[in-house]
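Hydrogens, waters and symmetry mates play no part in the numbers below; they use all other heavy atoms, side chains included.
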Amino acid sequence: MSLTITRSEPLATRLQDYAATSRRSADEAAATLLAVALPAPVVTDPDTEDVEAANDSLLRLVERIQATPPNPRNVFSEAELRARREGLMRYLEASIAAEDPNEPFDEQEWNRQWDAVEAEMKASDLAGHLKNERWFAEEFQ
């Protein structure tokens, strides 16, 4: 089916910017936005497995994720990236220079610190997982 939509200039510009950001054509971006905004109704047949409905729900989720614009806090210019890399390089060089190569290595202390780091990562992953589950439940109820 072919559909022509006339948009106001500001909206057309926003759509083109969104399409460029997501590296798609304006038609593809508009189709994705419409698919997310107007999801197909889920029809379930109690006599069959609900595989098609689950696939449709997953496709809608993927379309919604694809339609989400990038977070401006995570987009950096080349100059910002270069400055971050240089800052990290200076930090690493200073850290390496400050180390004493003759200092004995304490394996027990290293293992204790590593266990603490792993526990923190697991806690962070669990918190993120729970946050995502809550968001998914709220969005698709």
Side-chain angles (χ1 to χ4, degrees), residues 1-101 103-141:
M1 173 179 153
S2 178
L3 175 68
T4 301
I5 300 175
T6 304
R7 303 171 302 266
S8 64
E9 191 58 38
L11 186 57
T13 302
R14 284 177 45 205
L15 178 61
Q16 287 178 338
D17 290 345
Y18 171 75
T21 303
S22 58
R23 295 188 176 115
R24 291 183 279 179
S25 70
D27 289 342
E28 290 171 328
T32 301
L33 291 170
L34 285 172
V36 170
L38 306 169
V42 176
V43 179
T44 59
D45 183 356
D47 297 332
T48 62
E49 288 189 38
D50 219 3
V51 175
E52 289 180 14
N55 286 341
D56 183 53
S57 177
L58 184 58
L59 288 173
R60 286 187 292 139
L61 175 61
V62 169
E63 288 171 347
R64 191 167 187 173
I65 291 170
Q66 288 174 337
T68 304
N71 185 338
R73 292 180 296 177
N74 297 333
V75 178
F76 303 101
S77 69
E78 280 297 317
E80 290 171 317
L81 289 173
R82 194 174 310 108
R84 285 173 177 253
R85 276 192 299 265
E86 290 170 3
L88 180 59
M89 189 61 97
R90 282 192 302 274
Y91 171 78
L92 290 174
E93 288 171 353
S95 178
I96 291 169
E99 289 183 12
D100 180 5
E103 183 178 321
F105 179 73
D106 184 353
E107 185 176 356
Q108 287 181 332
E109 176 62 16
W110 188 89
N111 286 333
R112 187 192 65 73
Q113 290 179 6
W114 183 252
D115 290 342
V117 168
E118 282 186 330
E120 186 178 333
M121 289 187 321
K122 287 178 183 177
S124 176
D125 287 347
L126 179 59
H129 179 70
L130 293 173
K131 180 181 175 185
N132 288 339
E133 278 186 352
R134 280 194 300 272
W135 174 84
F136 187 79
E138 291 171 1
E139 292 294 317
F140 292 97
Q141 282 186 353

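For the salt bridge (charged side-chain N to carboxylate O under 4.0 Å, His left out) condition, no pair includes a residue of residues 14-34, sequence neighbours left out. Sorted pairs that involve residues 81-97 and meet side chain to side chain donor-acceptor pair (under 3.5 Å), not counting sequence neighbours, are lacking altogether.
Among all heavy-atom pairs drawn from Leu15 and Ala26, the shortest one is CD2-O, 4.1 Å.
By the side-chain contact (heavy atoms from CB on, under 4.5 Å) test, Ala67 pairs with Tyr18, Thr32, Leu33, Val36, sequence neighbours left out. Applying the side-chain contact (heavy atoms from CB on, under 4.5 Å) criterion to Ser8, with sequence neighbours excluded, gives Pro10, Leu11. Listed by chain and residue number, Arg112 satisfy the salt bridge (Lys or Arg N to Asp or Glu O under 4.0 Å) test with Glu109 (two or more places apart in sequence, or in another chain). Applying the side-chain contact (heavy atoms from CB on, under 4.5 Å) rule to Asn111 yields the partners Glu107; only residues at least two apart in sequence or on another chain are considered.
With a 6.0 Å radius and a threshold of 12 heavy atoms from other residues, nucleotides or ligands, Glu120 has its CD atom at or below the threshold. Annotation for Met89: atom CE does not count as buried by contact number, only 12 or fewer foreign heavy atoms lying within 6.0 Å.
Expressed to the nearest 0.5 Å, how far CG of Leu61 lies from CD of Gln66 amounts to 10.0 Å.
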